[in-house]
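Notes follow the structure.
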Amino acid sequence: MRVDRPLRVVLAEDSVLLRVGLVMLLGRCGHEVAAAVGDAGALVAAVGEHDPDVVVTDVRMPPGFQDEGLHAAVRLRRERPTLPVLVLSQYVQRRYAAELLDSGDGTGVGYLLKDRVGQVEEFVTALGAVADGGTVVDPEVVRQLLRRRRDPLERLTPREREVLALIAEGRSNGAIARRLVVSEAAVGKHVSGILTKLDLPPADDTHRRVLAVLAYLRA
């Protein structure tokens, strides 16, 4: 469950148990945790000191246990637009997801529910994708965003909705084809139809396609 290269990680999580567990997990996967801290102020300081490949942070942290971790992440991406950040949240917070996805230069960002950490392979894959400049959004966040938008998503067929959800999770056409047990050509046709129906510009670049869809879902 290693990604293509070892990553230098700064981790921010106020729960000592989860923080220690993540440090151990990342170490077993070949990554180096340069700093593991418990509050937003320490996160900002650690990033300045260690210049990590990627940041992993909780949303709610001391002292207020509101959205300090998220604000720190957004601040860091404002100062370092290309800094990859993966945010962990206990619950689906639509506003938090939108604020994070709008930060920095739009690349290298992820929003996962903490339950996803228990699915080790998915978590490590997401971390690698974010570190490599990708966009990763938890499937449950995608589903809730889709449920909030009834029109013009109603124009999509059930299969197109299924493909749209997988696109927004950051999956390639090949991965979608394998998941749905169809050809890549069929997926390509579905993607073209989705972009047309949602009035989104066509794009070959997977990352831009994900951002376009997420921008629409957030609107």
Side-chain angles (χ1 to χ4, degrees), residues 1-93 95-97 99-105 107-141 169-170:
M1 289 178 292
R2 294 170 183 257
V3 294
D4 293 338
R5 59 192 173 90
L7 300 172
R8 186 175 175 82
V9 182
V10 164
L11 169 67
E13 167 60 55
D14 66 285
S15 167
V16 175
L17 184 61
L18 181 55
R19 186 166 70 239
V20 171
L22 282 170
V23 170
M24 294 176 63
L25 169 62
L26 292 169
R28 287 202 305 269
C29 292
H31 305 308
E32 174 194 355
V33 178
V37 300
D39 63 77
L43 167 60
V44 173
V47 169
E49 178 180 353
H50 298 287
D51 191 24
D53 296 314
V54 61
V55 168
V56 178
T57 182
D58 190 7
V59 168
R60 297 183 177 184
M61 299 182 69
F65 293 96
Q66 297 297 318
D67 50 10
E68 288 85 350
L70 174 78
H71 284 171
V74 172
R75 170 186 166 185
L76 286 167
R77 283 176 59 80
R78 188 180 301 121
E79 297 171 351
R80 304 169 180 231
T82 60
L83 175 67
V85 173
L86 178 59
V87 166
L88 305 177
S89 179
Q90 189 69 43
Y91 308 103
V92 176
Q93 296 282 358
R95 177 175 61 85
Y96 291 165
E99 187 172 355
L100 177 70
L101 292 165
D102 286 334
S103 67
D105 67 350
T107 64
V109 64
Y111 184 94
L112 291 183
L113 296 183
K114 286 188 175 180
D115 288 347
R116 201 67 53 191
V117 176
Q119 301 177 33
V120 177
E121 186 170 0
E122 288 190 28
F123 171 69
V124 174
T125 298
L127 181 68
V130 169
D132 286 338
T135 302
V136 177
V137 182
D138 195 281
E140 182 58 29
V141 176
E169 291 173 23

Spatial distance of atom [atom1] ([X]) from atom [atom2] ([Y]) [nearest 0.5 Å]:
X: D53; Y: H31; atom1: CG; atom2: NE2; answer: 9.5 Å
X: L86; Y: Y111; atom1: CG; atom2: OH; answer: 11.5 Å
X: K114; Y: D138; atom1: NZ; atom2: CG; answer: 13.0 Å
X: L43; Y: E68; atom1: CG; atom2: CD; answer: 12.0 Å
X: T57; Y: D39; atom1: OG1; atom2: CG; answer: 10.0 Å
X: L25; Y: F123; atom1: CG; atom2: CZ; answer: 6.0 Å

Please report the closest heavy-atom contact between [X] and [Y], naming both atoms and the distance.
X: G128; Y: L7; value: CA-CD1, 4.4 Å
X: P52; Y: V9; value: CB-C, 4.3 Å
X: A40; Y: A72; value: CB-CB, 4.0 Å
X: P6; Y: G30; value: CB-O, 3.2 Å
X: L112; Y: A126; value: CD1-CB, 3.8 Å

Is there side-chain contact between [X] and [Y], with heavy atoms separated by less than 4.5 Å?
X: D58; Y: L18; answer: no
X: E49; Y: V10; answer: no
X: L88; Y: L22; answer: yes

Self-check item: R77, E79, H71 screened by side-chain contact (heavy atoms from CB on, under 4.5 Å) with R75, the one that passes
Solution: E79
Quiz item: Would you find a donor on one side and an acceptor on the other, under 3.5 Å apart, between the side chain of R8 and the backbone of A34?
Solution: no
